[in-house]
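Here's the structure, in structure tokens; my notes come after.
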Protein chains: 2
Amino acid sequence: MADTSSKTRNRILKAAWQMLEDNQGSGVRMSDIAKRAGVSRQAVYLHFETRLDLLVATTLYLDEIKGIDKRLEASRTAPDGRSRLTAFIDAWGNYIPEIYSVAKALMTLEATDAVAAEAWKGRMQAVRHGCAAAIHALDRDGQLSATYTVEQATDMLWVLLSVRSWEQLTRDSGWSQADYIDHMQALARAIFVR
Amino acid sequence: MADTSSKTRNRILKAAWQMLEDNQGSGVRMSDIAKRAGVSRQAVYLHFETRLDLLVATTLYLDEIKGIDKRLEASRTAPDGRSRLTAFIDAWGNYIPEIYSVAKALMTLEATDAVAAEAWKGRMQAVRHGCAAAIHALDRDGQLSATYTVEQATDMLWVLLSVRSWEQLTRDSGWSQADYIDHMQALARAIFVR
DNA sequence: GGAATTACTTTACATTATGTCAAGTGAAGG
DNA sequence: CCTTCACTTGACATAATGTAAAGTAATTCC
């Protein structure tokens with residue numbers, strides 16, 4: 001069954017997620033996932049051609065489970081650019097820790113595998129679109145700081161809200177999640193809002 | 001000869017550097033480096049215990065060749081905190097592209113190898129010290145924005161000046177090196193200088 | 001009720017890069 | 001002449017991904 005809805009397929013996805021969560025996204029092998037799902041290693045390959053395919057499918061699975069679309073919608077319906085920016089940072093910034101482990105595994109592949117790099121890039125483009133939408137909203141309100149073009153502001157916001165930046169601040173520098181959100185919101189308002 | 005100054009050892013380091021530069025830090029094997037250096041693969045292991053050791057040695061080799069210490073000195077002798085911050089961003093920010101390929105190879109290992117993670121962390125701590133020094137100078141002048149503690153400002157500057165952030169802006173978003181430097185300097189002044 | 005299909009298991013193997021091991025070579029130096 | 005040093009040569013261990021082929025047990029179809 002190459003279908004996207006199969007009991008086994010879902011068990012594998014859940015196992016992959018849990019396994020990555022337990023190990024913070026590193027050192028998880030196909031055989032570990034298979035074992036956790038209670039199937040043979042080959043069964044995994046029956047549902048996912050490669051490890052990369054499985055990881056990508058796991059991020060999509062998480063997006064669905066976690067209802068990220070709905071959560072991002074709050075920022076889309078914000079009354080003005082400024083509050084939209086704040087809401088977007090809240091929604092995306094708080095989603096990062098929930099997907100971090102799976103994202104980490106994908107980022108690890110990214111470095112050595114060109115196909116994985118493309119896949120990760122695609123996923124991150126979605127975030128960039130969110131950034132762009134927030135900046136555009138600000139611009140439409142005539143509230144975007146003159147220091148930045150729409151393009152530049154989008155790029156900068158995208159970097160600030162990257163998984164890597166989140167990782168460095170919360171993991172390496174020990175910031176709490178609340179501090180991260182608060183500071184990012186304050187920083188974004190300080191530099192982007194006129 | 002386990003010495004740090006040996007003709008062959010230096011040839012290997014140079015070959016590693018060139019090879020990584022040519023391939024942007026990915027897909028470079030020990031055998032490729034050996035071939036380029038004109039020695040056997042085993043000769044490389046005679047001088048460097050592991051691939052990680054070789055990569056770390058290559059970054060140190062680059063630091064020396066490029067004279068990074070001297071270049072960072074300019075920021076240390078700046079007359080005031082504000083100019084010190086600007087000078088530091090100029091020095092470090094312009095050093096990143098010169099070491100990027102080697103750094104990339106190290107960052108790739110970082111994801112899977114705990115020892116590599118430690119090594120990379122150590123190298124990045126040096127950058128953090130530079131950030132801390134610049135922020136401290138600003139603070140001594142009574143010029144640090146009230147929005148940040150010294151600690152927080154250091155962490156934030158460290159993220160902004162991380163290799164990952166540079167990578168995303170210049171590689172993924174297509175910023176020129178000059179744009180990167182200018183914007184980082186302007187941003188840092190805007191948020192950190194009172 | 002027998003045949004075919006489906007989903008999965010089991011076992012074995014190819015691949016690729018790192019790192020180890022042991023024996024050999026050729027030149028420099030006492 | 002003999003030893004030591006720096007390096008070479010070739011073989012092997014390891015670890016994980018991915019492939020291949022044959023087998024099994026349950027369901028479905030006629």
Check nucleotides 23-27 of chain D against the protein and report each pair of N or O atoms closer than 3.5 Å, with its distance, or say if there are none.
none

Under 3.5 Å, which protein N or O atoms sit close to an N or O of nucleotides 13-16 of chain C? Give each pair with its distance.
none

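One can place CZ of B/Arg51 at 6 Å from P of C/dT18, the figure rounded to the nearest angstrom. Rounded to whole angstrom, the span from the CZ atom of A/Phe48 across to the P atom of D/dT19 amounts to 15 Å. What separates CG of A/Leu109 from P of D/dT17 is a distance of 10 Å, to the nearest Å. Atom-to-atom, CG of A/Asp113 to P of D/dA16 comes out at 18 Å; the value is rounded to the nearest Å. Note: OH (A/Tyr45) to C1' (C/dA7) measures 18 Å, nearest angstrom. Atom CG in B/Leu52 sits about 19 Å away from atom P in C/dA17, given to the nearest Å. In this entry the distance linking CZ of B/Arg9 with C1' of D/dC5 reads 18 Å, nearest Å. When rounded to the nearest whole Å, the span between CD of B/Glu49 and P of C/dT20 equals 8 Å.
Taking the six-membered ring where tryptophan is involved, the planes of B/Tyr100 and B/Trp166 are tilted, since the angle between them lies from 30° to 60°.
When the side-chain contact (heavy atoms from CB on, under 4.5 Å) test is applied to B/Ala132, the partners found at least two apart in sequence or on another chain are B/His136, B/Thr154. With sequence neighbours left out, the ring-ring contact (aromatic ring centres under 6.0 Å, His included) criterion links A/Trp175 to A/His183. The side-chain hydrogen bond (donor to acceptor under 3.5 Å, both in side chains) test applied to A/Glu98 returns A/Lys66, A/Arg71, not counting sequence neighbours.
Listed by first and then second residue, the side chain to side chain donor-acceptor pair (under 3.5 Å) pairs that reach into residues 122-132 of chain B are B/Thr59-B/Arg123, B/Asp63-B/Arg123, B/Arg128-B/Glu151, B/Arg128-B/Asp155, sequence neighbours excluded.
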Given salt bridge (Lys or Arg N to Asp or Glu O under 4.0 Å), test B/Arg36 with B/Asp22 step by step and report yes or no. CA-CA 12 Å; B/Arg36 179 118 183 195; B/Asp22 287 355; 2.8 Å; yes
Start with the C-alpha gap between A/Glu167 and A/Arg164, add the side-chain angles, then the distance that decides, and say whether salt bridge (Lys or Arg N to Asp or Glu O under 4.0 Å) holds. CA-CA 5 Å; A/Glu167 184 181 40; A/Arg164 297 294 189 183; 3.7 Å; yes
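Closest to the A/Gln42 side chain, of the nucleotides D/dT9, D/dA20, C/dG19, is D/dA20.
Open room surrounds NZ on A/Lys14; 12 or fewer heavy atoms of other groups in view lie less than 6.0 Å from it.
The residues A/Arg29 and A/Asp32 are annotated as salt-bridged, a charged nitrogen and a carboxylate oxygen being separated by less than 4.0 angstrom.
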